[in-house]
Each structure stands twice: as C-alpha cells, then as structure tokens.
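Structure record follows, encoded as structure tokens.
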Protein chains: 2
Amino acid sequence: MKELLHAPAGSAGNNVYAQLKQQIVSLELPPGTTLSEKEMSIAFQVSRTPVRESFVRLAQEGLLLVLPQRGTKVSLIDPDLVEEARFMREQLERAVIKLACQSFPEEQLTALERNLELQQESLRLHDGRSMFELDEEFHRILFEGCRKLGTWSVIQQMNAHLNRSRILWLKTDPHWEHLYDQHRQMFEAVRLRDESRADSVMREHLTLSIANLSVLKEKFPDFFVTVQ
Amino acid sequence: MKELLHAPAGSAGNNVYAQLKQQIVSLELPPGTTLSEKEMSIAFQVSRTPVRESFVRLAQEGLLLVLPQRGTKVSLIDPDLVEEARFMREQLERAVIKLACQSFPEEQLTALERNLELQQESLRLHDGRSMFELDEEFHRILFEGCRKLGTWSVIQQMNAHLNRSRILWLKTDPHWEHLYDQHRQMFEAVRLRDESRADSVMREHLTLSIANLSVLKEKFPDFFVTVQ
DNA sequence: ACTACCATACTTGTATGGTAGTATGGAACT
DNA sequence: AGTTCCATACTACCATACAAGTATGGTAGT
C-alpha cells in the first residue's frame, strides 16, 4: 500500500511515524501510555529529531497528547469524537456508495470481489487482524472507484479514534460474519446499481460500528476520556 | 533567541506554523513559491528546528510539498481536491444543518444572528477579508450548535485547498451579497425548523463555491496542478 | 511528626554542526 | 559548437548539545 502525499517513505522520520501510528491504532500502545522522545529514540535507534517529528504529526492527528516540559502520552479515546467519526463516515460513505451505484469502474469492482474472497479466507482462518485490514481496504476501494481518495484520506484522521474503539469491541465480541455479509450485500448492490439498497445497508453497517460504546467504557474505563 | 514582536502565546514552532499557514491560505505565499528551512528561519528569527516542525505539519495538511534534498514549495491547487472538498462539505454541512433544524441551542442561534449583523457591516464597508472570516465563522457556529466541532476541524484540512480557490475567485468577482443572502436564508430556515428549505439553500450555497473553477485555471494557470 | 526547601533527574523546546543527495554553471574535451 | 565532467552551492535530513520548565524525593528546620 502506498502513501500518496507527503515526503519520502524511507526516511527515519517516516518509519518511526508509521510504526508508532500502527502501534497506537492497534492498541499495542494502549491509550494513556506515557512516551518520551528520548525513550523512543533509543527504541528505534535514531536520534530525537525524527522521533520528535513523528510526535508532532501524531499529535496533529489527535493520537498523541504533548504536554510541554511534562511529557507525551497516547491520547485517551474520546467517545464524543468516536461518535462524530461515525457520523462523518455515515454521511460520506452513504453519499459515495450512491455515487458508486451510478457509475463504478470495472477495475475497482473486481477489486471489491477479490477483497471479498480474501475476507472469506480470513474468516475461515479466524484472522481478526487481516479481517480488519480487509474491511478498511473494502471501503477504500469504494472511495477509489468514485475518485474520492482525498476524502478517504481525510476520513482516516478521525478514523484513528473510531478504529481504536472498533478494535476494542472486536476483541471482546468478534462478529466478522455479520460484517462480511454486509460487505457482500454492498458489493451486490453496487453491481446491480441498487441505490436504495446500498444506502440502507451502508447506514446499518456504520451504525453497528459503535452500537455498544458504553459497554466498552465500562469494560476498559482507563482507555476513555471520562469528563468532557 | 529574542521574541521581538507579536507576543507569542505559544512556542516558536506554533507561531511559525500559524503565520505560515495564514500566509499560504490567504495566497500571500502563492502556490508554487519555493521556501527553505534556512530562509524562513532567518525571516522568523528562529532556528531551523521550529521551522522544520512547521513544514512537517503543513506538508501533512497538503499545503507544502517537501522534496527531500531538493526543496520545499507551496503546493499547487489541485482542482480535483477542490472538488472533493466541496463534495465533502456538501455532504457534511447538509447533514448538519438538517440536525440543526431538529435541535439547535439558543446560544448558537443568537451567535448566528450576531454574525449576520457583522456580515452586513462588513458588506457595507466592502471588507472582503472580514467577510471571508465571518463566512467561515457562520458555518463553524452551525457545527458547534450540533456538537460536531471535531468534524468541522477535520473539514478544515481539505478546506485549505477549497479556500484558496475561493479567495482567488472572490478577488476576481466579489459576490458577497449573494452569499450573505444565503446565510440569512439558512439562519431563518434553522430558526423556523424548515429542514427542506435549509437543505436546498445549503446545497446551492456549496455548489456555488466552485462554479467556475475552470475560469480561475485560465486566469491563474501557474497556481493550479495541470496534469494529475 | 510535619513542613518548606532544594538538588536532581526527568520532560519538551530550541540551536547548530555535519551528512548526503541534488541542481547548476563553468571548464575541459571531442 | 556541442557534450561530458566536476566543483560548488544549495537542499532537506539527522545527531547532538544546550536551555528551560516540571515532578519528585530527600533533607534540614521547626
């Protein structure tokens, strides 16, 4: 997978950024974890400069909270932001899938089908991580087919919050079969140009995403922002 | 290093970032302008480090293009991204204003009215810059009243592209009266809980935004990405 | 026992020197 | 004249040293 915008892929700064982001979103670095530039510079065997650069970028995305002269920590999950991310995705993805029903390139359509096959395979292997990535990829392809990749990349920003709660949820209660089924239905709807069906499935799909956020807050209280 | 003027409410890095961003979005730094860390560090009387930090952040927002070992320049306006930004705003703002028609706090409603008064005043003075800021503020208040400020801040990212083309357009053909009139209509629709009216006005409002993008491309060819 | 103080060991913020890659202009060669 | 090559002057990138703010634990004084 290639990064469209932004600087070189091979630089130390980008490597640190990419790896840190992956670890944060995947909850390997749980919300609230305290980091420090020096600590990470040792861990990644680079100087503080590229680490600091990564911190700046991650802070701008809301994944890190930098407190000057005090420390840096992985931001807690803000339930309000999670709901907003869901809201945002609902509006944009419903609009996009309706576009897709009007016109969708053959190339991306086969990409969707191929993706569904891979999902089925991952489902059989109970590979949750792979499923999550394929899920993301499925939606990305929809945006790609509608030439709205810029929109997708912007969504990713708030998604960082939504994704963390989704991963948390999927860890407690995997329900990949249902998600796969919805993806399959969306694919069929796009293929058959059935706008209303695509719209309703997508809406349900994205409502499901945070159905029981309050359950998660009870189960992992330390991961969430309490007062707002 | 001494801080000469404009008392820094924050760190040097933040100041440089804020000022650079303002200059880029307002087209004081036209698209295509080449910058360099050293050059800006001299201009802002700080070291290269905070400048570099700003560059990283602005590059992440797509406002700067950093070419390793080659240079840094203000990104050209990408017509496709402008259209995407408009598309995105249309979906989200229509959804938000419909929410607003269902429930909107009194506080933000009066803020909107106050904003309209200020728009009228700026209109009288032909103060384009003030009008632009009040326009932004008007829409921000709508999001605020629906508790969707996180969404608004994410929109700002792609808006950086949309705004530059809007400013360009408004420089060639001011049409503030029309925009003011639409704002007024939106306010009335929210006040009267008229969802369909709010929706249609907002849609027209955001379609207007880039009505004649091709004209701008002809008039300022150097500011736009040609091939994609 | 309790409080005030302060050395110390952190933290992020800033400045600066060095490194490697790139564009450019002029000299040497064909 | 046209081409090749290379010194030079850039660039962003990175490492490192220093500055300044903050939390903490021990100690002296009460």
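Given the structure is predicted, the values throughout are model-derived calculations rather than measurements. Lettering of chains follows the sequences in order, A, B, ..., and the numbering in each one begins at 1.
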Inset, instruction - Answer yes or no: side-chain N or O of Arg52(B) and base N or O of dG13(C) forming a donor-acceptor pair under 3.5 Å. - result: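 No pair found.
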Inset, instruction - Please evaluate the base of dT12(C) for a donor-acceptor partner in the side chain of Gln69(A) within a cut-off of under 3.5 Å? - result: yes
Strictly by modelled atom types, are [X] and [Y] linked by a side-chain donor-acceptor pair under 3.5 Å?
X         : Y         : result
Gln60(A)  : Glu61(B)  : yes
Arg140(B) : Asn115(B) : no
Thr72(A)  : Arg52(A)  : no
Arg147(B) : Ser103(B) : no

Just the rounded figure in Å: distance from [atom2] of [N] to [atom1] of [X].
X        : N       : atom1 : atom2 : value
Leu35(B) : dT11(D) : CG    : C1'   : 13 Å
Ile42(B) : dT16(C) : CD1   : C1'   : 13 Å
Glu37(A) : dT16(D) : CD    : P     : 15 Å
Leu67(B) : dC13(D) : CG    : P     : 9 Å
Leu58(B) : dA12(D) : CG    : C1'   : 16 Å
Gln45(B) : dA15(C) : CD    : C1'   : 13 Å
Glu53(B) : dA12(D) : CD    : C1'   : 16 Å
Lys38(B) : dA15(C) : NZ    : C1'   : 13 Å

Legend entry - SB check Glu137(A) Arg114(A) (cutoff 4.0 Å): no
Inset, instruction - Could you tell me whether His126(A) and Trp176(A) have their ring centroids closer than 6.0 angstrom? - result: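 Centroid separation for His126(A) and Trp176(A): 6.0 Å or greater.
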Closest approach to the side chain of [X], judged atom by atom: which nucleotide of [options] is it?
X        : options                   : result
Arg48(B) : dG13(C), dG18(C), dA15(C) : dG18(C)
Pro50(B) : dT12(C), dC13(D), dT14(C) : dT14(C)
Ser47(A) : dT16(D), dT11(D), dT14(C) : dT16(D)

Legend entry - Nearest-nucleotide 5' precedence on DNA chain D, Arg70(A) against Thr49(A):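 Closest to the 5' end, via its nearest nucleotide, is Thr49(A).
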Inset, instruction - Please check the phosphate of dA15(D) (OP1 and OP2 only) for any side-chain N or O of Ser41(A) closer than 4.0 Å. - result: no
Inset, instruction - Evaluate the ring planes of Trp152(B) and Phe143(B), with Trp represented by its six-membered ring, and classify them as parallel (under 30°), tilted (30 to 60°) or perpendicular (over 60°). - result: tilted
Legend entry - Pairing annotation in dot-bracket form, given for DNA chain D with Watson-Crick or G-U pairs under 3.5 Å and | for cross-strand partners: ||||||||||||||||||||||||||||||
